[in-house]
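Everything numeric in this text was worked out from a predicted model, so none of it was measured. In what follows, chains carry the letters A, B, and so on, assigned in the order in which the sequence lines appear, proteins first and then strands, with residues in each chain numbered from 1.
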There are 2 protein chains.
Amino acid sequence: MKVLSNASNYGLRALLYIVSRRGRGETYISLGEISEELDISFHFLTKTMQLLTQGEILVSYRGPNGGIALKRPAEEIMLIEVVKILEGEDFFDTCMLGLEGCDDCNPCPVHHLWREIKGKVKHDFETTSLAMMGKRINEKNLRLIP
Amino acid sequence: MKVLSNASNYGLRALLYIVSRRGRGETYISLGEISEELDISFHFLTKTMQLLTQGEILVSYRGPNGGIALKRPAEEIMLIEVVKILEGEDFFDTCMLGLEGCDDCNPCPVHHLWREIKGKVKHDFETTSLAMMGKRINEKNLRLIP
DNA sequence: CATATTTAAGACTATTTTATCTTTATATAT
DNA sequence: ATATATAAAGATAAAATAGTCTTAAATATG
Ligand code: SF4
Ligand code: SF4
């Protein structure tokens, strides 16, 4: 059961890497460092992070000592915003049986199940900020690599 | 957010079509009828249903008036069995961030969220039988097509 | 037996996702 | 100025998923 694409996985892990390493003094973190630390293909990661830069999550700076950094406070960036950029705005419009053009009034046989599941995922993503995750990672010493 | 492949979607919809139309007298329902009624590619559906036949969910019969039928009572077939055949036995072993080799003791930053979500999906699939769905479909007149 | 109907099997094509490689643009440092 | 480090952009390749087409095997019927 895969709910996120690899691109999203990489993007989220990279952001979590950044927020969990804040305060070490660096302003920009290079994509080379992230791809190496997290063992993610450099070029693929680059493309993914470009989307987040275009999506106003990150700012980037070229040249020596350049890299990427959060554009806004980590407290203000909810996971849902990241996911919507990487997966598309319609991420939560998809359906369990792949049907279309339906709502609570015109449900398919699994709508009641799907509604709850999708609701929980959406709620989780809406209420979790990068700051919360960063704190959690450091406090519990959680891993970002296999 | 897509949790099931197209093959699973088609397979489930076909099974639901069968159980919601039981008792009309036919023993076997042809793949041609199903693919037409549900607007699913005939050949693709055929391949999918072959997996379910091999997986002891269906029996098939060739020749005129042939088709497929449930091998066991609809009460005994839980959705999880179907999904595991079509998606693989490891369907519930995948992870939110795509990491591997982890469990409750070695969690990644989103493990607590993922655990709950995956648990609910698994529980839903484990406790829902084809018979329950068939009854539901007929009682509430639910649709299987877009 | 001959023919029509239906599933089984597998080759083939198309699309999407994932990954790699190459080139370009921009900034820094010497 | 020149060399170096870095992100941006885009071309190309590989792999996974989805879909189509062809042929074979089994069965029923006349
Ligand atoms: S009825 Fe609900 S679960 Fe089914 S396809 Fe529509 S929105 Fe999705
Ligand atoms: S820690 Fe949990 S959610 Fe994270 S990758 Fe492992 S099993 Fe999946």
Side-chain angles (χ1 to χ4, degrees), chain A residues 1-15 18 26-71 86-88 90-91 94 97-98, chain B residues 1-14 18 26-71 83 86-88 90-91 94 97-98:
Chain A
M1 174 166 54
K2 192 173 180 176
V3 306
L4 297 174
S5 67
N6 285 11
S8 292
N9 288 341
Y10 299 160
L12 283 173
R13 285 170 59 205
L15 288 175
I18 294 172
E26 326 92 327
T27 33
Y28 293 102
I29 299 186
S30 80
L31 290 170
E33 173 187 338
I34 299 175
S35 82
E36 209 164 299
E37 289 294 322
L38 299 185
D39 198 27
I40 297 171
S41 149
F42 173 78
H43 291 288
F44 196 50
L45 180 64
T46 292
K47 284 200 297 191
T48 301
M49 299 321 259
Q50 274 172 38
L51 290 175
L52 295 181
T53 303
Q54 290 159 8
E56 313 274 294
I57 300 283
L58 298 172
V59 288
S60 66
Y61 208 78
R62 304 197 224 197
N65 304 316
I68 57 177
L70 292 186
K71 183 167 188 175
L86 297 179
E87 298 280 341
D90 59 349
F91 183 65
T94 61
L97 289 184
Chain B
M1 174 166 54
K2 191 173 179 176
V3 306
L4 297 174
S5 67
N6 286 12
S8 292
N9 287 341
Y10 299 159
L12 283 173
R13 285 169 60 204
I18 294 172
E26 326 93 329
T27 32
Y28 293 102
I29 299 185
S30 80
L31 291 170
E33 174 187 339
I34 299 175
S35 81
E36 209 163 297
E37 289 293 323
L38 299 186
D39 197 27
I40 297 171
S41 148
F42 172 77
H43 291 288
F44 196 47
L45 180 64
T46 292
K47 284 199 299 190
T48 301
M49 298 321 259
Q50 274 173 35
L51 290 174
L52 296 181
T53 303
Q54 290 157 8
E56 313 275 293
I57 300 282
L58 299 172
V59 289
S60 66
Y61 207 79
R62 304 197 226 197
N65 304 315
I68 57 178
L70 292 185
K71 183 165 189 176
V83 168
L86 297 179
E87 297 280 340
D90 59 350
F91 183 65
T94 62
L97 290 184

Participant: Might you confirm whether atom CG of Asp90(A) has over 12 heavy atoms from other residues, nucleotides or ligands at distances under 6.0 Å?
Facilitator: yes

Participant: From Ser60(A) OG over to Gln54(A) CD, what is the distance, rounded to the nearest 0.5 angstrom?
Facilitator: 9.5 Å

Participant: Please find the earliest and latest nucleotides of DNA chain C, in the 5' to 3' direction, that have an atom within less than 4.0 Å of any heavy atom of chain A.
Facilitator: dT18(C) to dT28(C)

Participant: Nearest whole angstrom, please: distance from the C1' of dT6(D) to the CE of Met49(A).
Facilitator: 15 Å

Participant: Tell me, which of residues 38-46 of chain B have any heavy atom that sits under 4.0 Å from an atom in DNA chain D?
Facilitator: Ser41(B), His43(B), Phe44(B)

Participant: For Ser30(B), give me all partners under side chain to side chain contact (heavy atoms under 4.5 Å, CB included), at least two apart in sequence or on another chain.
Facilitator: Glu33(B)

Participant: Return the value, rounded to whole Å, for the distance between atom CG of Leu4(B) and atom P of dT17(D).
Facilitator: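 So the CG-P distance, Leu4(B) to dT17(D), works out to 13 Å.
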
Participant: Whole Å only: how far is the NZ atom of Lys47(A) from the P atom of dT12(D)?
Facilitator: 13 Å

Participant: Rounding to an integer number of Å, can you tell me how far Leu58(A) CG sits from dT6(D) P?
Facilitator: 17 Å

Participant: List the steps and the verdict of side chain to side chain contact (heavy atoms under 4.5 Å, CB included) for Ile68(B) and Leu52(B).
Facilitator: CA-CA 10 Å; Ile68(B) 57 178; Leu52(B) 296 181; over 6 Å; no

Participant: Generate the contact string for nucleotides 24-30 of chain D. Rules: B means base contact, S means sugar-phosphate contact only, - means no protein heavy atom under 4.0 Å.
Facilitator: -BBBS--

Participant: What's the spacing between Met49(B) CE and Thr53(B) OG1 if we round to 0.5 Å?
Facilitator: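 With rounding to 0.5 Å, CE (Met49(B)) is 7.5 Å from OG1 (Thr53(B)).
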
Participant: Nearest whole Å is fine: how far is dT6(D) C1' from Gln50(A) CD?
Facilitator: 12 Å

Participant: Between Thr48(B) and Ile40(B), does a side chain to side chain contact (heavy atoms under 4.5 Å, CB included) hold up when you go through it step by step?
Facilitator: CA-CA 11 Å; Thr48(B) 301; Ile40(B) 297 171; over 6 Å; no

Participant: Before giving the answer on side chain to side chain contact (heavy atoms under 4.5 Å, CB included), spell out for Asn65(A) and Tyr28(A) the whole-Å C-alpha distance, their side-chain angles and the decisive distance to 0.1 Å.
Facilitator: CA-CA 7 Å; Asn65(A) 304 316; Tyr28(A) 293 102; over 6 Å; no

Participant: Anything below 3.5 Å on both distances counts as a pair; with that, list the stems of at least three consecutive Watson-Crick or G-U pairs involving DNA chain D.
Facilitator: C:1-30 with D:1-30

Participant: Do the side-chain N or O atoms of Gln54(A) get closer than 4.0 angstrom to the phosphate oxygens (OP1, OP2) of dA9(D)?
Facilitator: yes

Participant: Return the minimal non-hydrogen interatomic distance between Ile34(B) and Ala14(B), and the atom names on each side.
Facilitator: CG2-CB, 3.8 Å

Participant: Rounded to the nearest 0.5 Å, what's the gap from CG on Leu31(A) to OG1 on Thr46(A)? Could you check?
Facilitator: 4.5 Å

Participant: Report the distance from atom CG of Leu97(A) to atom CG of Leu38(B), rounding to the nearest 0.5 Å.
Facilitator: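 So the CG of Leu97(A) and the CG of Leu38(B) are separated by 10.5 Å.
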
Participant: Identify, with sequence neighbours excluded, every residue that meets side chain to side chain contact (heavy atoms under 4.5 Å, CB included) alongside Phe91(B).
Facilitator: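 Met1(A), Leu4(B), Val83(B), Glu87(B), Phe125(B).
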
Participant: Output the distance between atom CG (Asn6(B)) and atom CZ (Phe44(B)), rounded to the nearest 0.5 Å.
Facilitator: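 Reported value, rounded in 0.5 Å steps: 6.0 Å.
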
Participant: Could you go step by step and tell me if Leu15(A) and Leu70(A) meet the side chain to side chain contact (heavy atoms under 4.5 Å, CB included) rule?
Facilitator: CA-CA 8 Å; Leu15(A) 288 175; Leu70(A) 292 186; 4.0 Å; yes

Participant: Between C1' on dT17(D) and CD on Glu87(B), what's the gap in Å once rounded to a whole number?
Facilitator: 11 Å

